[in-house]
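Okay, structure first, notes after.
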Amino acid sequence: MRWTRYFLFTLRDNPSDAEVISHQLLARAGMIDKLAAGIYTYLPLGWRSVEKTARIVREEMGAAGSVELMMPCVQPAELWQESGRWQQYGKELLRIKDRHDREFCFGPTHEEVITDAVRRRITSYRQLPANLFQIQTKFRDEIRPRFGLMRGREFIMKDAYSFHASAESLDATYRAMEAAYRRIFDRCRLSYTAVEADTGNIGGSESHEFMVLASTGEDAVAACECGYGANVEKATTGALAPPPPWPGTPPAKPEEVHTPGATSVADVAAFLRLDPAHFIKTMIVESDAEFAVALVRGDDEVNEVKLKNALGAAHLQLASEAKVEQVSGGAMGFSGPVGLKGVRVVADPEVMRMAVAATGANRADYHLVGVAPGRDFTADLVADIRVARAGDPCPRCGKPLVVKRGIEVGHIFKLGTKYSKAMACNYLDENGGMQPMIMGCYGLGVGRTVAAAVEQNHDDAGIVWPRPLAPFEVELIALNPDVPAVRDAAEKLYAELSEAGVEVFYDDRDERPGVKFNDADLIGFPVRVVVGKKGVEQGQAELSLRRDRVKIPTPLGDAVAKARELLAGL
RNA sequence: CGGGGCGUAGCUCAGCCUGGUAGAGCACACGGUUCGGGACCGUGUGGUCGGAGGUUCAAAUCCUCUCGCCCCGACCA
């Protein structure tokens, strides 16, 4: 492809709204173009990378036994009402009406549609399992889209769904999908890790996320050298070290102490000369159905996802100040579990292991010391609801966990029968009994994978594409296209490279060398072939890798072979 | 949805406080000199100052409303 015949416009300045590096570079390299918040045009160069990623995904999904189909992006409300998610999904679901005032939504995901397609066809265990996938543009009306392709509202994603007659069959497919994902991200040359994950609103039992490690990642993952890895939303830990010894003798019974204005654990701890770990932190939350009280040790934080799961709630939020006073009978910042009535109390196991503790007195400007969990209050539910921290013991081997940031590029779930039951997606088993199919679902963000590749592969000058995702593999630069010998040599090389099946992008513009070099660095094709006046006089071209930019003088006649050799080494 | 900020040329921004002929750099067009790491000189094109209403002799500038965008938070297969 010749630049002068292509549709490529690089930007000298970063767009003012681009915050993360992948957004900046993809925009500057003329690959994406924002149309509205979280909505992007994939310009020709960007689309090639997306297509290359999609091709890898297609090949590996097919090899793993999944069959491609395509489902609509606009879906009727009826299906969503049937699964219950029309109510449950909230504002993230973009709802639209047609000219007849019938309700539809723009699909954020396709469980309903695929389940409907399968239930109307598969009736027997003999026809199972089934595994179908699609690559489709989806829409989620995110509260706050950001980071370019990493968190758009409209985005391209591959999703696969599998249907089974047994848990064993689901597990076999789940493992096959997990292996396929590893091959996909390996082929994309990404550094990633698979971690245990929470299943979120989509429901289900087992779940893994594939995380590309990058400092700009929106998720935190806890990992251990033993191989344990989990999203911090999900990560568990071994038992923590107990709090330091109580200074002096703790009171035998709860005693009120005056703590004027000290509402945070840190303030009260400093005021009373205790360690934060001596405290019980009390958070009052509000779910769709109830108020609840969450207790964690003072040096811990409440993990909202774990708490939500423990309470069995769909949504959760911190209670307002007025509600806190209503529930606790005291001021915000002075809440504690002693004497609370009429609310469910969820305590972290670390709280119940404390021999003696300090906590709020449910009275403005007072705290209690000498509180013994189990004696002075009880919990309705004891569950792990704390956020795992770096340094906590690994739940498997006890070594300290490390916490890293990651970009979630894939997420696989064992869904179970949530959708098949709700939507009567049944089959007849060998005894003629009707059973709901057991389902799995497997998502992979295609656009996000491209963005993650840029996050992981760039330098100060621009993108350094991994070969499999590069829009073109070789950039050919004619430095002085107005010099006939140079132009002829470049044209010849262009023809030969094309003939040899090399994906070559030919910068034939009438620009100064600096402009061409800088654009080449910005766009980041893996191999560069430069033809200049001095080189041509000596019958030489100059090859280099974007990765290291080390110049390799090469006779013009060997340039094609050398380019292919360099590519083969990538 | 709460808090904060920004909408002026294709892009990045100044001008606004203190109202008085719409600016710069880059990009683009033409001419010339240049040509291995974002050249230089000259000439030129390009703007309903996001939109609507108001105040005023006069509004990019002040006021009101509205739309869009961004940041922090809450939220999130």
For the student: nearest non-hydrogen atoms of [X] and [Y], plus distance:
X         : Y         : answer
Val346(A) : Ile385(A) : O-CD1, 3.8 Å
Trp3(A)   : Arg509(A) : CZ2-NH1, 3.4 Å
Leu476(A) : Ala490(A) : CD2-O, 3.5 Å

*Shortest side-chain distance from Lys34(A), nucleotide among G36(B), C70(B), G73(B)*: C70(B)
*Output the single nucleotide from G36(B), A39(B), C70(B) whose closest atom is nearest the side chain of Arg512(A).*
A39(B)
*About how many Å separate CG of Leu25(A) and CG of Asn14(A), when rounded to the nearest 0.5 Å?*
7.5 Å
Distance check, [atom1] atoms only: [N] and [M], in whole angstrom units.
N      : M      : atom1 : result
U66(B) : A27(B) : C1'   : 33 Å
G15(B) : G25(B) : C1'   : 15 Å
G68(B) : G50(B) : C1'   : 7 Å
G10(B) : G47(B) : C1'   : 12 Å
C16(B) : A60(B) : P     : 14 Å
A52(B) : U45(B) : C1'   : 31 Å
A24(B) : C49(B) : C1'   : 15 Å
G37(B) : G31(B) : P     : 26 Å

*Please tell me which of Glu19(A) and Phe517(A) maps to the more 5' nucleotide of RNA chain B, matching each residue to the nucleotide holding its nearest heavy atom.*
Phe517(A)
*Using the closest heavy atom to pick a nucleotide of RNA chain B for each, name whichever of Ser16(A) or Ala37(A) lands nearer the 5' end.*
Ser16(A)
If you look at every strand shown and take non-hydrogen atoms under 4.0 Å, does [X] touch a base, only sugar-phosphate, or nothing?
X         : answer
Glu233(A) : nothing
Asn518(A) : base
Leu11(A)  : nothing

*Is Glu542(A) side chain donor-acceptor paired with the G36(B) base, going by distance under 3.5 Å alone?*
yes
*Has the side chain of Arg12(A) got a donor or acceptor that lies under 3.5 Å from a partner of the other kind on the base of U12(B)?*
no
Tell me which nucleotide, if any, is Watson-Crick or G-U wobble paired with [N] when both distances must be under 3.5 Å.
N      : result
C30(B) : G42(B)
G25(B) : C11(B)
A59(B) : none
C1(B)  : G73(B)
G19(B) : none
A52(B) : U64(B)
G37(B) : none

_Basic-acidic side-chain contact under 4.0 Å: Glu19(A), Arg146(A)_ = no
_Consider salt bridge (charged side-chain N to carboxylate O under 4.0 Å, His left out). Of Arg28(A), Arg528(A), Arg547(A), which one does Asp521(A) pass it with?_
Arg528(A)
*Quick one: is Arg144(A) getting a side-chain N or O under 4.0 Å of the C72(B) phosphate, OP1 or OP2?*
yes
*asked:* With a 4.0 Å cutoff (strictly under), does any side-chain N or O of Lys516(A) reach OP1 or OP2 of C35(B)?
replied: no
*Value in whole Å for how far the P atom of G10(B) lies from CZ of Phe7(A)*: 15 Å
*Aromatic ring centroids of Phe106(A) and Phe104(A) under 6.0 Å?*
no
